[in-house]
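Report on one structure; see the data block that follows.
To find a chain, count down the sequence lines: A is the first, B the second, and so on, and within it residues start at 1. Basis for what follows: all heavy atoms, side chains included, without hydrogens, waters or symmetry-related copies.
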There are 2 protein chains.
Amino acid sequence: MKKPMNAKELVQLFKKSEHLFLPNISVDSVIFGYEQGQLQVLLLQVDENTWMLPGGYVYKTESVDEAAHRNIYERIALKNTFLKQYAVFGGVDRDFKLKLKNMFQQFGHDGSEELWIQQRFVSIGYYALVDKAKTYPKPNLFAKACAWHNVYELPKLLLDHKKIILKALASFRTDLEHNPIGYHLLSTKFTMPELHQVFESVHDKQMDRSRFQKKMFGYAVFERLERKEGVAHRRPYYYRHGK
Amino acid sequence: MKKPMNAKELVQLFKKSEHLFLPNISVDSVIFGYEQGQLQVLLLQVDENTWMLPGGYVYKTESVDEAAHRNIYERIALKNTFLKQYAVFGGVDRDFKLKLKNMFQQFGHDGSEELWIQQRFVSIGYYALVDKAKTYPKPNLFAKACAWHNVYELPKLLLDHKKIILKALASFRTDLEHNPIGYHLLSTKFTMPELHQVFESVHDKQMDRSRFQKKMFGYAVFERLERKEGVAHRRPYYYRHGK
DNA sequence: CCAAAAGTGTTCTCGGTACACCCATGT
DNA sequence: ACATGGGTGTACCGAGAACACTTTTGG
């Protein structure tokens, strides 16, 4: 665990950056990863038992999509991940003055100063699919940790972030029924059994092996490579996306 | 045709309202209507041969959804229409200083003053489905007219509004394949042949009558009412949504 | 009684579902 | 050799697609 900034520094930083960003607009990124049969989400720890989604603001010189990509890059050091804008959270209840004030007080800020990030935000929701093995998660300035969590056993989350994650998962599932995008969670080379398990983890239910394989071949986007070596039992083929 | 406001009044109005809205966020509404086999979109006329989408800004006291509903109400005097948020247009190219300056100059404004609406906007795209017969379209303060246009024969459009309409149509079509929402374009009571033609207009292609009817019944959301009276040939049943 | 619209039925195909069968490999 | 995992094949079912048949009405 890394020691976060103190309140004074944080307040300075926010003040200095205010004019660079579009006000009232934020980006929330639900970064999905996968490991050993488990669908996971990347979260930032804000206090002992509370976590939050990675997210950020939009520079006046960049598009909203670019802001999401940049934000993800800052968290896991990966560029050009699969990214999809899936919802907008624009309720008036997304005014978190009080909650954020409490959070800042915890850092030692007296709360007397109104910061621009305490305004109401319209948040653009994105979900990303990444190969966890290629990531280097790191906390931001005010987080204690940055870690992967099982999607089906989420910890206590800040504000409405639980709703945002669940809606991202729902969108991901819907998309996955018509597109084989699940492969983005694996490395470039993968086997059908691996991909099969990814799909089962996302949908959280069993799916017939045979049918799955036929469906994947039906998309005609996977190229069969050599067989996997040195494993017990019959050796599965490797596949990769592309042609 | 109604005479629009002059430039001075307009500038005053915009200045006065600035602090009420969330800056940099706008809402674009693609309002779909239907009449006699034609899918239509409501547009506002900004000059002799240029049209634009209805749209507006978000009050600090309302949600983005509410802003869209209010905006649509202001244009066609209908509340609680079917409404769906389908995309976000967040490119940096959505900074229309020059184009809007020209537009204002046309109204007589010298363009020396920078107005807040000339900033870059992140636009939240909504599409609405309405029963055209229940609408009373009216232009806003700077439009010459407000009228329905065939979706497949669009006039010259402002900025990136054509792209926004086409993407709305694509979303509507996708949604229509899994939901019978097309009925929102008709009056409360409608016949299957009418609904059938709505679907054909939206998809812009023929669809077998028999299959269509079976699919609609499959949703089990339409209630069969009395037969339509006083028409030639066999009289079709009326249906309505609900139970 | 006939043309045209509306409602319903028949057939074919294809993709989802379940399951069976065969292949290959390390223990 | 055999248990286990991996690849492929078969039979069934339901939805989509194309088309045929029947009913009903005004002229």
Side-chain angles (χ1 to χ4, degrees), chain A residues 34-38 173-183 186-187 189-241, chain B residues 34 36-37 173-183 186-187 189-241:
Chain A
Y34 169 86
E35 191 168 355
Q36 303 196 85
Q38 224 182 61
R173 282 178 177 172
T174 306
D175 296 342
L176 198 57
E177 275 168 33
H178 306 287
N179 294 340
I181 49 173
Y183 73 86
L186 296 170
S187 68
K189 273 168 63 178
F190 53 87
T191 67
M192 277 298 149
E194 282 167 357
L195 191 60
H196 180 220
Q197 218 189 350
V198 166
F199 274 62
E200 291 196 334
S201 304
V202 175
H203 285 119
D204 199 26
K205 68 173 182 199
Q206 305 267 114
M207 186 184 189
D208 184 79
R209 272 191 315 124
S210 163
R211 175 159 51 97
F212 174 78
Q213 203 126 331
K214 273 180 269 183
K215 185 167 180 170
M216 289 306 114
F217 293 158
Y219 289 125
V221 292
F222 296 123
E223 182 185 0
R224 179 177 282 187
L225 307 172
E226 78 284 0
R227 295 189 108 111
K228 187 171 177 175
E229 298 289 335
V231 288
H233 319 299
R234 186 173 183 172
R235 296 173 304 177
Y237 292 105
Y238 275 121
Y239 291 86
R240 75 163 171 218
H241 182 262
Chain B
Y34 169 86
Q36 302 195 86
R173 282 179 176 172
T174 305
D175 295 343
L176 197 58
E177 275 168 34
H178 305 287
N179 296 101
I181 49 172
Y183 73 88
L186 296 170
S187 67
K189 273 167 63 176
F190 54 86
T191 67
M192 276 298 148
E194 282 167 356
L195 191 60
H196 180 219
Q197 218 190 350
V198 166
F199 274 64
E200 290 196 333
S201 305
V202 175
H203 285 119
D204 199 26
K205 69 174 182 197
Q206 304 268 112
M207 186 184 189
D208 183 80
R209 275 192 312 124
S210 164
R211 175 160 49 98
F212 175 78
Q213 203 126 329
K214 273 181 270 183
K215 185 167 180 170
M216 289 306 114
F217 293 158
Y219 289 125
V221 293
F222 296 123
E223 183 184 1
R224 180 176 277 186
L225 307 172
E226 77 284 0
R227 294 188 109 112
K228 188 170 178 176
E229 298 289 336
V231 288
H233 318 298
R234 187 173 182 170
R235 296 173 305 177
Y237 291 105
Y238 274 122
Y239 291 86
R240 76 164 171 217
H241 182 263

**OP:** Answer with base, sugar-phosphate or nothing: what part of the nucleic acid does R209(B) contact at a heavy-atom distance below 4.0 Å?
**Re:** base
Report yes if a side-chain nitrogen or oxygen of R234(A) is closer than 4.0 Å to either non-bridging phosphate oxygen (OP1 or OP2) of dG7(D); otherwise report no. no
Notebook entry, point to check: Do side-chain atoms of R235(B) reach the backbone of R227(B) as a donor and acceptor pair under 3.5 angstrom?
Noted result: no
Has the side chain of H196(B) got a donor or acceptor atom that lies under 3.5 Å from a matching backbone atom of M207(B)?
-> yes
Result for 5'-nearest mapping on DNA chain C, choosing between R227(A) and E177(A), is E177(A)
Here the distance between atom P of dA18(D) and atom CD of Q213(B), to the nearest Å, is 17 Å
Query raised in the report: Do other residues, nucleotides or ligands put more than 12 heavy atoms under 6.0 Å from E226(B) CD?
Result: yes
- Task: Quick one: sort the Y239(B) and Y237(B) rings into parallel, tilted or perpendicular, breaks at 30° and 60°.
- Result: perpendicular
To the nearest angstrom, the OH-P distance between Y237(A) and dG7(D) comes to 7 Å
From the candidates dG26(D), dG16(C), dG5(D), the one with an atom nearest any side-chain atom of K215(A) is dG16(C)
DNA chain D nearest-nucleotide lookup for M207(B) and M192(A): closer to the 5′ end is M192(A)
**Study point:** Close aromatic pair by centroid cut-off 6.0 Å: Y183(A) and F222(A)
**Key:** yes
Atom pairs, protein N/O to nucleotides 9-12 of chain C N/O, distance under 3.5 Å:
unit_1, atom_1, unit_2, atom_2, d
dG9(C), O6, S210(B), OG, 2.2
dT10(C), O4, K214(B), NZ, 3.0

Item checked: Heavy-atom side-chain proximity of F212(B) to L195(B) below 4.5 angstrom -> yes
- prompt: Below 4.0 angstrom from OP1 or OP2 of dT24(D), is there any side-chain N or O of R235(B)?
  reply: no
Per atom distances to the P193(A) side chain, the nearest of dT8(C), dG7(D), dG26(D) is dG7(D)
To the nearest angstrom, the CZ-C1' distance between F212(A) and dG15(C) comes to 16 Å
*Are the side chains of R224(A) and F217(A) in touch, meaning some heavy atoms are under 4.5 Å apart?*
yes
Out of dG7(D), dG26(D), dG7(C), minimum distance to the side chain of P236(A) belongs to dG7(D)
